[in-house]
There are 2 protein chains.
Amino acid sequence: MTKTKKPTLAATFKLLSDPTRLAIFDLLMQGVQCNCEIGDQLDLEMNLISHHLKALREAGLVNVERDALDARWMYYSINREMLAELNDQLAAFLDPHRIQPRLPTCGPRLVPATDIRVRGN
Amino acid sequence: MTKTKKPTLAATFKLLSDPTRLAIFDLLMQGVQCNCEIGDQLDLEMNLISHHLKALREAGLVNVERDALDARWMYYSINREMLAELNDQLAAFLDPHRIQPRLPTCGPRLVPATDIRVRGN
DNA sequence: CATATAGTTCAACGATGGTTGAAGTATATC
DNA sequence: GATATACTTCAACCATCGTTGAACTATATG
C-alpha cells in the first residue's frame, strides 16, 4: 500500500481540467466502472482511458479492483472519502464569505498630494 | 458591457490549475487589489500578473475599476456572484451523494460461461 | 509638452502534458 | 502450451500555455 502525498489545490484543479479526464471522472460518478464501458460511451481508445485513470488513481480520487470471477476485468470507482474531502476543501476555498474588503497598502489615497505639499513647502 | 459565454467546467478548472494564477486569485479573496500590491506579495513582474488577471477577468471571476482620484491605479476584486455560482456548481458536481452503485453493462457476470455451454452444445 | 508612473500587449521561447500506435503484461480459455 | 482478451506501459509527436523582455497605452505631474 503506497502512501500518496496530499496533492496541492492547483494540482487537483489541473487533474480535473482536461475535458477527457473530466468526462471519465463524471462517468465514474454515474457508476460506470470498467475500462471498456468508458471507452464505448466516450468513443476513446483503451490506452488513453487507462492513462487518464492512472492519473485519477494516483491522486487518490479513484479506486480499482479486479473482478472476482474473471480477473481480466477491472472495475474503477470513485473514492468517496477523497471526494468528500476534496469537496469540503474546494467549498472552503471558494466560499464567497472569505472575500475581504479592500486593504489599501498603496495607491493615491495613502499619501494624498495635499499632505505632501503642506509638509514640503 | 460585453456578454461573456459561460465557461465549461473543465475550462474553469484549467483557469485555477496554474499555481501562479491561483495564488493571485487567493490574494484577491483576501482583499488585495491593485496590480503592484500583488506583485510585491508574490514577487512577480507586473506584466505576468496582468496576463493572469486578464484570464480571470475574461472568465468573469474578477472585476476591475480605476481609482477615482488617480485613474492610473486599477483595483481588482473577486466577482461575488460568479464565485457563488461557481461554488454551487462545483459542490453539485463533486457531491459524494451523486455517486451511483455499479451499473453492469459488460463483464463476466452478464454472460456466465455455463449458460453459453448449455445453449451451444 | 516632456517626463514619470501604473498597467497592458506583443513576440518568442520552452516546458508540460494529451494523444497515438505499438509493444508488453496478466489472466482466462481451449 | 498456444491463443485470446482486458488492460497497461512506452516512445514519440505536437499543441497549448506560462514565462520573459521589450514595446506600447493611458493617465498624471511639473
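Per chain, numbering begins at 1; letters A, B, ... match sequence-line order.
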Atom CZ of B:Arg66 to atom P of C:dT5: distance rounded to whole Å?
17 Å
Mark yes or no: B:Arg66 above the aromatic ring of B:Tyr75, with NZ or CZ under 6.0 Å from the six-membered ring centre and no more than 45 degrees from the axis.
no
Whole-Å distance, B:Met46 CE to D:dA23 P, equals 16 Å
In whole angstroms, the gap separating P of D:dC7 from CD1 of A:Ile49 amounts to 9 Å
Check whether more than 12 heavy atoms from other residues, nucleotides or ligands sit under 6.0 Å from atom CD of A:Glu45, and answer yes or no.
no
Measure the distance from CZ on A:Phe13 to C1' on D:dG18 and round it to the nearest whole Å.
18 Å
Between C:dC10 atom C1' and B:Leu48 atom CG, what is the distance in whole Å?
15 Å
d(A:Phe93 CZ, B:Leu90 CG) to nearest 0.5 Å is 11.5 Å
Between P on D:dT27 and CZ on B:Arg72, what's the gap in Å once rounded to a whole number?
11 Å
Audit row: A:Met74, A:Asn35, side-chain contact (heavy atoms from CB on, under 4.5 Å) steps and yes/no
CA-CA 7 Å; A:Met74 307 185 73; A:Asn35 192 321; over 6 Å; no
Gap between atoms CD and P, on A:Glu45 and C:dA23 respectively (whole Å):
16 Å
Residue met sooner reading DNA chain C from 5', once A:Ala68 and B:Tyr75 are mapped to nucleotides
B:Tyr75
With salt bridge (Lys or Arg N to Asp or Glu O under 4.0 Å) as the criterion, how do B:Arg98 and A:Asp26 come out once you've worked through the C-alpha distance, each side chain's angles and the decisive distance to 0.1 Å?
CA-CA 10 Å; B:Arg98 269 186 65 217; A:Asp26 194 38; 2.5 Å; yes
Classify A:Met74 by what it touches in the nucleic acid, base, sugar-phosphate, or nothing, heavy-atom distance under 4.0 Å.
sugar-phosphate
So, B:Glu37 side chain and B:Cys34 main chain: donor-acceptor pair closer than 3.5 Å or not?
yes
Residues from residues 14-42 of chain B sitting under 4.0 Å of DNA chain D, heavy atoms only?
B:Lys14, B:Asp18, B:Thr20, B:Arg21
For the residue pair B:Ser77 / B:Gln33, report whether a side-chain donor-acceptor contact shorter than 3.5 Å exists.
no
Would you say C:dC10 has OP1 or OP2 under 4.0 Å from some side-chain N or O of B:His51?
no
Hey, does the side chain of B:His52 come within less than 4.0 Å of D:dC17's phosphate (OP1/OP2), counting only N and O?
no
From NZ of B:Lys54 across to C1' of C:dG7 the rounded distance in Å is 13 Å
Checking all strands, does A:Asn47 fall into the base, sugar-phosphate, or nothing category for heavy-atom contacts under 4.0 angstrom?
base
